[in-house]
Engineer: 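The structure follows.
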Amino acid sequence: MRFDQRHLLGIEPLRPDEIGTLLDLADSYVTLSRRREKRSSALSGLTQINMFFENSTRTQSSFEIAGKRLGADVMNMSMQASSIKKGETLIDTALTLNAMHPDLLVVRHPHSGAVDLLAQKVNCAVINAGDGRHEHPTQALLDALTIRRAKGRLHRLNIAICGDIAHSRVARSNILLLQKMENRIRLVGPTTLVPPVLKEFGVEIYEDMREGLRDADVVMMLRLQKERMDGGFIPSEREYYHRFGLDAEKLSFARPDAIVMHPGPMNRGVEIDGTLADDINRSVIQEQVEMGVAVRMAAMDLLSRNLRARPTELSA
Ligand code: ASP
């Protein structure tokens with residue numbers, strides 16, 4: 001069982017065996033989380049600070065629950081109300097927090113690369129909870145765990161990722177992870193949101209949902225990232241739904257046992273039909289949320305083991 005990372009900044013630096021280690025440990029945390037008594041002491045005595053510079057409901061609460069379940073002291077910094085508003089730079093904020101000796105820093109930031117920068121300035125382990133359109137590693141890991149549990153494996157699957165790929169950190173982290181595990185990836189959406197240049201990454205690209213979904217084992221829908229768009233990427237939401245929104249008819253082109261995923265928050269009636277999203281025979285969207293807590297517990301547990309194993313090097 002090896003996991004050699006000091007931080008979890010993205011999927012890019014992870015080896016397939018490290019991904020396997022993390023998912024195996026997360027499986028055990030699913031079991032723990034389903035018990036009435038959910039407490040472990042893996043992070044006991046450690047301090048976890050959640051710094052969210054961008055709004056979040058599920059990711060922030062998931063990290064908070066994960067840390068508390070493992071016995072950490074968890075603090076949520078409200079960055080809306082913080083000194084960032086008074087003009088403090090990201091680095092000054094990081095140095096201030098660093099002086100309080102946190103062990104785990106969970107950071108979400110609207111700018112790609114901001115979390116990597118911050119990690120260079122602090123002594124603790126840093127987890128990227130989503131930076132701009134760059135990476136969202138715990139989302140890809142929770143998606144991987146959901147797929148592995150539903151399909152019994154995480155390799156040689158046909159996986160269709162559909163919708164707003166261009167602005168999505170979820171898509172980027174998922175493509176990196178699913179390729180490392182040797183799956184066949186198709187990206188489906190309008191060229192404005194799925195730039196043809198992405199073919200260079202060894203994925204297939206489709207502009208037609210029915211073609212792109214043919215024989216898919218997994219159909220992953222993405223939210224339209226309106227906050228990251230600055231122009232006319234789609235003609236209208238109504239037309240987008242007609243061509244690219246997932247409904248039962250389009251899903252019928254996938255394999256009969258294909259699962260439907262969405263990272264949330266969902267725009268019902270824009271990228272996915274609401275009834276399909278709630279259909280427990282096809283949709284694993286609620287499982288994704290459950291796996292999120294377990295994966296975050298596993299990630300923080302593994303990083304804290306590395307912290308404890310190398311105290312002198314890490315505090316240098
Ligand atoms: N919650 C995911 C993220 O933070 C997906 C989304 O917002 O669409 O990237």
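These numbers come from a predicted model, not from an experiment. Start at 1 and go down the list; that is how both ligands and their atoms are numbered.
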Engineer: Taking the six-membered ring of Phe52 as reference, does the cationic atom of Arg108 (NZ for Lys, CZ for Arg) lie under 6.0 Å from its centre and within 45° of its axis?
Structural biologist: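 Because its charged atom misses either the 6.0 Å distance or the 45° angle limit, Arg108 does not stack over Phe52.
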Engineer: Considering only protein heavy atoms, which is closest to atom 9 (O) of ligand 1, and at what distance to one decimal place?
Structural biologist: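 Minimum-distance protein heavy atom for atom 9 (O) of ligand 1 reads Arg169 NE, 2.9 Å.
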Engineer: For His111, does the NE2 atom sit with more than 12 other heavy atoms under 6.0 Å from it, leaving out its own atoms?
Structural biologist: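 No, the 6.0 Å shell around NE2 holds no more than 12 heavy atoms from other groups.
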Engineer: His167 vs Phe233 aromatic rings, parallel, tilted or perpendicular, using cut-offs 30° and 60°?
Structural biologist: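 Geometry flag for Phe233 against His167: perpendicular rings.
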Engineer: Does a side-chain N-to-carboxylate-O contact under 4.0 Å join Asp164 and Arg228?
Structural biologist: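 No salt bridge links Asp164 with Arg228.
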Engineer: Can you tell me if Asp73 and Gln48 form a side-chain donor-acceptor pair at under 3.5 Å?
Structural biologist: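 Not at all, the side chains of Asp73 and Gln48 share no donor-acceptor pair under 3.5 Å.
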Engineer: So, 4.0 Å and heavy atoms of Ala129: is ligand 1 close enough to count as a contact?
Structural biologist: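 No.
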Engineer: Tell me whether Glu200 at atom CD has more than 12 heavy atoms from other residues, nucleotides or ligands lying less than 6.0 Å away.
Structural biologist: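 No - once you tally the heavy atoms of other residues, nucleotides and ligands closer than 6.0 Å, there are 12 at most.
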Engineer: Quick one: which ligand 1 atoms are inside 4.0 Å of a heavy atom on Val170?
Structural biologist: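 Result: 2 (C), 5 (C), 9 (O).
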Engineer: Regarding ligand 1, does Gln139 bring an N or O atom to under 3.5 Å of one of the ligand's N or O atoms?
Structural biologist: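 N/O-N/O distance under 3.5 Å: no.
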Engineer: Evaluate Arg223 for polar contact with ligand 1, using N/O atom pairs at a separation under 3.5 Å.
Structural biologist: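 N/O-N/O distance under 3.5 Å: yes.
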Engineer: When you compare ligand 1 with Gly264, is there at least one nitrogen or oxygen pair between them that comes in under 3.5 angstrom?
Structural biologist: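 Right, the criterion is met.
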Engineer: Yes or no: does Gln225 have any heavy atom under 4.0 Å from an atom of ligand 1?
Structural biologist: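 Checking ligand 1 against Gln225, which is what was asked, there is a heavy-atom contact under 4.0 Å.
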Engineer: Using a heavy-atom cut-off of under 4.0 Å, does the side chain or the backbone of Arg108 touch ligand 1, or both, or neither?
Structural biologist: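 Under 4.0 Å from ligand 1, Arg108 contributes side-chain atoms alone.
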